[in-house]
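Take a look at the structure below.
When a ligand or atom number is given, it counts from 1 through the structure's own listing order. Just so it is clear, the model here is predicted, and its values are computed rather than measured.
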Amino acid sequence: MKINGFTETLRELELGGTNLGASDGVDWFANGAETESLSPINGQVIAKIKQADAGDFDRIIKTAEAAFKVWREVPAPKRGEIVRQLGVALRERKDALGALVAIEMGKIIQEGRGEVQEMIDICDYACGQSRMLYGVQTHSERAHHRLYEQWHPLGVVGIISAFNFPVAVWSWNLAIALICGDVCVWKPASPAPLTAIACQKIFERVLKANDLPAGISSLVVGKGSQVGELLLNDKRIPLVSYTGSTRVGKRIAEVVSKRFGKTILELGGNNAVIVTPHADLELACKAILFGAVGTAGQRCTSTRRVIVEASVYDNLVSTLQRFYGKLTYGNPLDEANLVGPLVNTGAVDLYFEAIETVRKQGGTILIEAEKLDFEGGCYAKPCVAAVENSLPIVQDETFAPLLYIIKYEGDVINAINIQNDVPQGLSSSIFTNNMIESEKFLSHAGSDCGIANVNVGTSGAEIGLAFGGEKETGGGRESGSDAWKAYMRRQSNTINWSEGMELAQGIKFD
Ligand code: UN1
């Protein structure tokens with residue numbers, strides 16, 4: 001397949017040299033400072049962006065509030081139809097948008113296309129879900145009374161996305177929020193404004209073709225310290241969905257809950273793969289490799305730790321060394337490469353600082369990292385280190401291709417205890433063909449993570465189940481299963497169709 005370069009990709013996605021960063025789905029405007037988007041492929045400016053200022057933000061929220069009053073009256077399956085059309089539009093732009101993701105944040109083109117596929121999948125899923133916004137009904141203790149539960153839309157949903165899934169995070173939230181009858185305002189991550197503008201343009205065509213009013217899906221490109229703060233503090237936004245670091249997520253939880261707003265938080269992970277003596281080692285190492293170096297180790301689900309039983313330790317390390325030795329590095333637009341650049345020079349610096357800290361805290365480097373000088377981009381080779389789980393650096397999430405190997409002895413429960421002994425709780429895996437081991441891992445005394453897999457790696461979850469984690473990962477759930485409920489408000493209804501006024505709990509008040 002021919003891969004387009006920067007210019008062709010921008011043209012195909014209707015992006016110019018300078019782009020406006022605020023849109024209500026019908027009009028584009030922006031009165032804030034100009035910024036540039038740099039590519040980690042070569043450090044060059046891809047294009048410029050005019051950011052939103054406080055006035056633009058206020059205009060967006062006012063328009064969104066008005067649009068909510070219209071949108072909530074549209075029957076849910078008809079809202080689902082609009083989301084279905086977004087999925088069709090994304091299918092048409094899959095290659096171009098996947099390439100822009102690679103250009104702007106550096107993930108390899110296969111993963112860029114995979115990310116757009118996740119957007120398409122959630123649109124299809126949400127369209128079906130729009131006919132299944134079920135509430136329960138139950139039996140009343142009183143004669144001729146009916147009890148039931150309904151789910152109503154919430155209002156304006158703020159979506160703050162992360163650079164590592166610059167387009168899919170928006171779609172997981174948007175597709176579900178829209179079918180629920182909410183309207184959305186998106187503040188994309190600062191390193192990835194162009195992919196956001198491209199998505200907004202794709203959706204704008206759908207909204208216009210259906211004669212929908214402004215404000216159903218809006219975009220505000222701006223600094224976290226400016227528009228981000230406005231969004232958190234704005235009482236007109238009842239729900240804020242944030243994907244990103246635990247440090248920022250903690251602050252978001254405080255600010256939004258202080259005004260009794262709701263949050264969906266998808267924060268840091270510290271995901272482990274347990275490898276027992278009953279594992280297929282080749283299979284485990286394949287999953288570990290993709291988990292640790294896929295997206296250059298910059299997924300919240302990336303494999304950070306391998307917890308391996310002592311008798312298979314040496315074999316696992318030599319298999320990983322063989323696999324790492326075959327990795328190909330370079331331009332993420334070239335399909336031959338498996339590892340592209342990190343997102344920016346700051347991320348490379350943090351990566352090498354973390355490796356230094358591993359050494360200082362007593363870890364042993366098994367596979368050395370090194371900076372790669374391609375085209376002035378942010379390339380680096382991955383690193384593997386043998387450590388103790390208790391090292392302070394191991395307890396922290398380093399957002400880079402840095403993998404820790406930890407030895408365990410005895411029963412699998414010892415490995416599970418090590419796995420759970422970190423502040424985060426997103427994703428976890430076990431590799432074993434022993435049913436008792438895998439059931440222990442999945443039991444209530446097993447993995448404490450939101451995601452627990454058997455013979456499947458920690459990253460690359462499908463959209464059909466709820467996505468998210470426990471502890472410092474924030475507790476939020478997005479995507480499939482009943483994650484839609486977080487985007488709605490629940491109402492409990494009691495209907496009296498008797499002719500009297502019977503009180504519950506047998507109370508007499510005559
Ligand atoms: C993220 O890194 O923020 O499970 C999300 C996965 C992807 C989602 C990652 N489906 O790796």
Side-chain angles (χ1 to χ4, degrees), residues 98 101-102 104-108 110-126 159-176 186-189 191-192 195-196 241-249 252 264-273 286-304 340 342-343 347 397-403 424-429 447 449-454 456-470 472-481 483:
V101 168
E104 197 170 38
M105 63 67 67
K107 71 172 65 173
I108 56 171
Q110 299 91 315
E111 290 190 85
R113 291 191 199 116
E115 176 166 352
V116 181
Q117 187 58 47
E118 286 204 58
M119 305 174 81
I120 294 166
D121 294 343
I122 197 69
C123 288
D124 289 356
Y125 182 93
I159 302 169
I160 307 177
S161 57
F163 80 83
N164 65 333
F165 275 79
V167 291
V169 170
W170 169 67
S171 67
W172 296 323
N173 285 283
L174 172 100
I176 300 293
W186 180 17
K187 190 216 139 337
T195 49
S241 175
Y242 170 74
T243 303
S245 71
T246 294
R247 187 183 57 79
V248 175
I252 289 181
I264 298 175
L265 299 173
E266 301 291 350
L267 313 178
N270 197 343
N271 318 299
V273 171
K286 272 187 193 160
I288 293 165
L289 186 74
F290 177 67
V293 309
T295 327
Q298 299 167 113
R299 291 191 186 212
C300 55
T301 51
S302 289
T303 306
R304 309 273 174 224
L342 279 90
V343 64
E397 179 190 48
T398 298
F399 221 57
L402 170 55
L403 180 69
Q424 310 82 355
L426 179 54
S427 185
S428 59
S429 304
S447 166
C449 293
I451 298 170
N453 299 331
V454 177
V456 171
T458 59
S459 67
E462 302 177 21
I463 54 93
L465 290 172
F467 181 87
E470 304 297 331
E472 288 191 3
T473 304
R477 294 293 188 278
E478 289 172 357
S479 284
S481 183

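Every atom of ligand 1 is numbered from 1 in the order shown, and the set under 4.0 Å from a heavy atom of R299 is 2 (O), 6 (C), 7 (C), 11 (O). Shown in contact with W172 at under 4.0 Å from a heavy atom are these atoms of ligand 1, numbered in order with element: 5 (C), 8 (C). Atoms of ligand 1 lying under 4.0 Å from any heavy atom of A461, numbered from 1 in the order shown and given with element: 4 (O), 6 (C), 10 (N).
Within the 4.0 Å heavy-atom criterion, neither part of V169 lies near ligand 1.
Under the 3.5 Å distance criterion, with hydrogens and angles disregarded, no donor-acceptor pair is assigned to the side chains of T458 and S429.
Protein heavy atom in closest approach to atom 9 (C) of ligand 1: F165 CE1, 3.5 Å.
A cation-pi contact, defined as under 6.0 Å to the ring centre and within 45° of the axis, is absent between K187 and Y242.
With hydrogens and angles disregarded, no donor-acceptor distance shorter than 3.5 Å links the side chain of N270 to the backbone of Q424. Panel note: side chain E104, backbone T195; a donor-acceptor pair is recorded below 3.5 Å. Side-chain atoms of T473 never come within 3.5 Å of backbone atoms of L267 as a donor-acceptor pair (strictly under, hydrogens ignored). In terms of modelled atom types and a separation under 3.5 Å, the side chain of R304 and the main chain of T398 share a donor-acceptor contact.
For the pair N164 and ligand 1, the shortest N or O to N or O distance falls below 3.5 Å. In terms of polar-atom proximity, defined here as any N/O pair under 3.5 Å, C300 does make such a contact with ligand 1. Close N/O approach between T301 and ligand 1 is found [any backbone or side-chain N/O within under 3.5 Å]. Considering backbone and side-chain N/O of G460, one or more are found under 3.5 Å from N/O of ligand 1.
Ligand 1 lies nowhere less than 4.0 angstrom from a heavy atom belonging to A162. Not close to ligand 1: F163, with no non-hydrogen atom less than 4.0 angstrom away.
We find that E470 and R477 are joined by a salt bridge, their nearest charged nitrogen and carboxylate oxygen being less than 4.0 Å apart.
Note: W186 and W170 have parallel aromatic rings, judged against thresholds of 30 and 60 degrees for the angle between ring planes.
Within the set E111, E118, E115, the minimum heavy-atom distance to atom 10 (N) of ligand 1 is found for E118.
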